K.L.:
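Structure incoming, see below.
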Number of protein chains: 2
Amino acid sequence: MSVEFDRVLIEPAYRKVAAAIGERILSRALREGERLPPETELARQFGVNRSTVREALRELESRGLLRRRPGSKLMSVSRPQHSAIGQGVSHALLLHDVTVQHLWEALTILEPPLAAAAARARTTADLEALGGAIDACGAAAVDTAATVQRTAEVFRCTARAAHNPVLGLAQEPLLQLLEPSLRIMIDRVPQARSRIIAAHRRLLEAIEAQDEAAARDWMARHIRDFRRGYELAGIDLSLRLTA
Amino acid sequence: MSVEFDRVLIEPAYRKVAAAIGERILSRALREGERLPPETELARQFGVNRSTVREALRELESRGLLRRRPGSKLMSVSRPQHSAIGQGVSHALLLHDVTVQHLWEALTILEPPLAAAAARARTTADLEALGGAIDACGAAAVDTAATVQRTAEVFRCTARAAHNPVLGLAQEPLLQLLEPSLRIMIDRVPQARSRIIAAHRRLLEAIEAQDEAAARDWMARHIRDFRRGYELAGIDLSLRLTA
DNA sequence: TGTTGCCAGTTTGTCCGACAATCATACGAT
DNA sequence: ATCGTATGATTGTCGGACAAACTGGCAACA
């Protein structure tokens with residue numbers, strides 16, 4: 001009866017070029033750090049105009065697959081940085097009407113097991129980095145922006161100690177979303193600062209002792225504390241997050 | 001002594017244009033679905049060449065902030081689709097040497113609480129969608145690719161039932177990474193298919209009954225089963241994932 | 001009435017050619 | 001050894017061009 005055809009897909013050349021280069025990077029035929037030929041050469045190889053190549057490069061650049069190393073004109077292959085990926089995801093979440101409640105729930109689920117994994121897998125180098133981050137956070141004193149930044153850094157160090165890039169990358173957008181509201185909270189709730197530092201220290205102790213249960217527990221308390229802070233600060237948890 | 005200067009940053013025009021439009025979208029000054037002016041008009045407004053505008057558009061397009069609705073030439077504002085974001089993240093993870101073990105660990109952490117949240121927050125509509133996805137998975141019969149696709153869809157429905165976009169988006173890259181290796185596993189381990197279906201049914205029952213503990217538990221078993229399947233299939237868990 | 005064909009205007013995809021600014025390199029001067 | 005300069009390569013940006021695809025309207029036609 002009803003003869004149905006699929007939409008015939010016409011892919012513009014710039015997307016085909018981007019796909020071709022991207023495929024080479026994903027398959028590791030182009031290795032990290034390797035430099036791409038100049039645009040004119042790429043245009044010659046693909047048989048398209050330089051403008052078309054440039055559009056393709058912009059796409060790969062924004063996916064983090066290519067970047068220009070400082071002080072070099074040629075593009076080089078790179079593995080996407082956590083911060084860039086996290087920014088993409090957090091922007092997406094902002095547009096999907098994420099609330100403080102959503103974010104907090106995700107942190108509650110993700111962070112305690114992540115702390116436990118860190119306690120299990122940490123090396124002494126990880127320990128040192130984490131200790132440094134915690135000290136830096138304490139040293140931020142009254143500078144709220146710095147405190148928040150460095151608290152996020154403590155979480156990042158914890159994830160690094162867990163040696164699981166999946167968890168580390170899953171966490172990144174949460175940290176980026178957390179920052180603005182956390183700044184407000186700390187400004188309004190003076191005691192929050194010291195509670196955060198205290199939680200960090202306990203966490204470090206547990207991770208150092210490779211005590212998974214304790215690490216999980218202190219991280220859980222830490223996250224619960226965030227929620228209490230939000231409530232004390234009078235922040236509506238069902239409010240949409242903003243950039 | 002050592003006078004240090006920060007690197008002076010020169011931003012090319014195409015990135016400034018992209019940032020300007022992106023900022024408008026993020027701040028919701030441009031609402032979803034709204035159509036962007038034509039490229040020539042944008043070029044006029046920004047005072048740059050159309051080629052420059054196009055490079056900026058490619059960047060926003062690949063971030064999922066803009067897209068062309070089928071059968072329309074003008075770009076329109078869109079919220080990034082989960083699949084697109086997930087693809088970006090999973091590509092990043094592939095380049096960061098993620099192993100099956102890493103992926104499985106992340107699933108172990110994320111999925112059971114997500115199932116519990118679904119049991120708590122599900123509506124009857126969610127239930128219906130989940131039931132449909134599970135039936136579809138069962139109906140895939142011997143078609144491995146379809147089975148895997150539809151298993152992922154069951155997870156997506158579960159996340160949707162949890163009504164937390166953060167969790168849904170965090171899960172997406174994991175599902176995309178899972179597919180290739182899961183296909184291999186199911187092909188090698190015949191009994192895996194029926195175990196998966198059985199787990200789905202138990203999960204649905206628990207979510208329907210709003211039994212959080214049971215939902216968490218069955219999901220945990222489901223994920224554990226994956227691991228057993230990998231071991232039976234002789235897949236080395238410390239092997240790097242590939243596209 | 002509803003389909004088809006045609007026309008003009010708009011917009012994108014792609015191309016070409018051009019040029020200033022920046023970077024790498026080598027070479028020569030101090 | 002440091003500096004200045006010349007040279008060539010490469011990017012960022014520009015202007016203009018044109019075919020293809022889509023839009024909307026209007027006329028022809030069954």
Side-chain angles (χ1 to χ4, degrees), chain A residues 1-22 25 30 33-78, chain B residues 1-3 5-22 24-25 30 33-78:
Chain A
M1 281 304 129
S2 70
V3 188
E4 283 269 356
F5 290 103
D6 288 340
R7 190 172 181 79
V8 46
L9 57 85
I10 51 255
E11 271 214 313
Y14 63 80
R15 212 168 295 158
K16 283 189 194 168
V17 171
I21 300 177
I25 297 176
L30 289 170
E34 201 159 339
R35 275 191 294 188
L36 231 54
E39 295 172 353
T40 41
E41 171 61 16
L42 288 173
R44 195 193 58 75
Q45 288 184 28
F46 285 110
V48 299
N49 191 271
R50 188 162 78 99
S51 313
T52 305
V53 168
R54 284 178 64 82
E55 292 188 39
L57 292 183
R58 291 298 86 79
E59 182 173 330
L60 294 165
E61 196 181 15
S62 86
R63 283 205 274 157
L65 262 42
L66 291 180
R67 71 168 191 202
R68 204 180 308 285
R69 269 187 304 201
S72 165
K73 310 204 89 157
L74 267 49
M75 287 286 194
S76 58
V77 176
S78 88
Chain B
M1 284 300 133
S2 72
V3 188
F5 290 104
D6 288 340
R7 191 174 180 80
V8 45
L9 57 85
I10 52 256
E11 272 214 313
Y14 63 80
R15 211 169 296 158
K16 283 189 193 166
V17 170
I21 300 177
R24 288 276 187 108
I25 296 176
L30 289 170
E34 201 159 337
R35 275 192 293 188
L36 232 53
E39 295 171 353
T40 41
E41 171 61 16
L42 288 173
R44 195 191 58 74
Q45 288 185 29
F46 285 110
V48 300
N49 191 271
R50 189 161 79 97
S51 314
T52 305
V53 168
R54 283 178 66 81
E55 292 188 39
L57 292 182
R58 290 299 87 78
E59 181 174 329
L60 293 165
E61 196 181 15
S62 85
R63 284 206 273 158
L65 264 40
L66 290 180
R67 70 167 193 205
R68 206 181 308 286
R69 267 188 304 204
S72 165
K73 309 204 90 161
L74 265 50
M75 287 286 192
S76 58
V77 176
S78 89

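Not measured: the values here are computed from a predicted model. Below, read A as the first sequence line, B as the second, and so on, with proteins coming before strands; counting in each chain starts at 1. Scope of the values below: all heavy atoms of this structure, side chains included, with no hydrogens, waters or symmetry mates.
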K.L.:
Among D:dT13, C:dC15, C:dG13, which nucleotide has an atom closest to any side-chain atom of A:Ser51?
P.N.:
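Closest nucleotide among those given: C:dC15.
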K.L.:
How many whole angstroms separate atom CG of A:Leu66 from atom P of D:dT11?
P.N.:
12 Å
K.L.:
Write down the distance between CG (A:Leu36) and P (D:dT11), rounded to a whole number of angstrom.
P.N.:
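About 9 Å, once rounded to whole Å.
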K.L.:
Quick check on B:Arg24: does its CZ atom have over 12 non-hydrogen neighbours (other residues, nucleotides or ligands) under 6.0 Å away?
P.N.:
no
K.L.:
Please state how far atom CE in A:Met75 lies from atom P in D:dT11, giving the value in whole angstrom units.
P.N.:
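After rounding, the gap between these two atoms is 8 Å.
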K.L.:
Who pairs with B:Ser78 by side-chain contact (heavy atoms from CB on, under 4.5 Å), at least two apart in sequence or on another chain?
P.N.:
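Only B:Arg67 meet the side-chain contact (heavy atoms from CB on, under 4.5 Å) criterion with B:Ser78.
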K.L.:
Please classify the nucleic acid contact of B:Arg35 as base, sugar-phosphate, or nothing, using heavy-atom distances under 4.0 Å.
P.N.:
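The residue B:Arg35 makes no contact with any strand.
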K.L.:
Tell me which nucleotide among D:dT11, C:dT11, C:dG13 gets nearest to the side chain of B:Pro38.
P.N.:
C:dT11
K.L.:
Calculate the interatomic distance between A:Arg54 atom CZ and C:dC15 atom P; express it in whole Å.
P.N.:
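Answer to the nearest Å: 15 Å.
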K.L.:
Between B:Ser51 and A:Ser51, does any side-chain donor sit less than 3.5 Å from a side-chain acceptor?
P.N.:
no
K.L.:
Shortest non-hydrogen contact from A:Asn49 to A:Ala43?
P.N.:
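The pair with the smallest heavy-atom distance is C-CB, 3.9 Å.
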K.L.:
Whole angstroms only, please: what is the OH-C1' distance between A:Tyr14 and C:dT14?
P.N.:
11 Å
K.L.:
If you check the A:Pro12 side chain, which of C:dT14, D:dT11, C:dT12 turns out closest?
P.N.:
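Closest of the options to the side chain of A:Pro12: C:dT14.
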K.L.:
Within this structure, what is the CG-to-P distance between B:Leu57 and C:dT11, rounded to whole angstrom?
P.N.:
14 Å
K.L.:
Using a strict heavy-atom distance below 4.0 Å, which residues from residues 42-49 of chain B are in contact with DNA chain C?
P.N.:
none
K.L.:
So does A:Glu59 pair up with A:Arg54, basic N to acidic O under 4.0 Å?
P.N.:
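No, this pair does not count.
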K.L.:
From D:dT13, D:dT11, C:dC15, pick the nucleotide closest to the side chain of A:Thr52?
P.N.:
C:dC15
K.L.:
Once you round it to whole Å, what is the distance between P of C:dT12 and CD of B:Glu41?
P.N.:
11 Å
K.L.:
Is A:Glu55 salt-bridged to A:Arg50, going by a charged N under 4.0 Å from an acidic O?
P.N.:
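Not counted as a salt bridge, because no side-chain N and carboxylate O are separated by less than 4.0 Å.
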K.L.:
Look at all strands and tell whether A:Arg15 reaches a base, only sugar-phosphate, or nothing, counting heavy atoms closer than 4.0 Å.
P.N.:
nothing
K.L.:
Considering only D:dT10, C:dT12, D:dC14, which nucleotide approaches the side chain of A:Lys73 most closely?
P.N.:
D:dT10
K.L.:
Compare every heavy atom of A:Met75 with every heavy atom of A:Leu66, then report the nearest pair and how far apart it is.
P.N.:
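What the structure gives for the nearest pair is CB-SD, 4.3 Å.
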K.L.:
For the pair made of CZ in B:Arg68 and C1' in D:dC22, what is the distance, rounded to whole Å?
P.N.:
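Rounded to whole Å, this separation is 12 Å.
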K.L.:
Under 3.5 Å, is there any donor-acceptor pair linking the side chain of A:Arg50 to the base of C:dG17?
P.N.:
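No.
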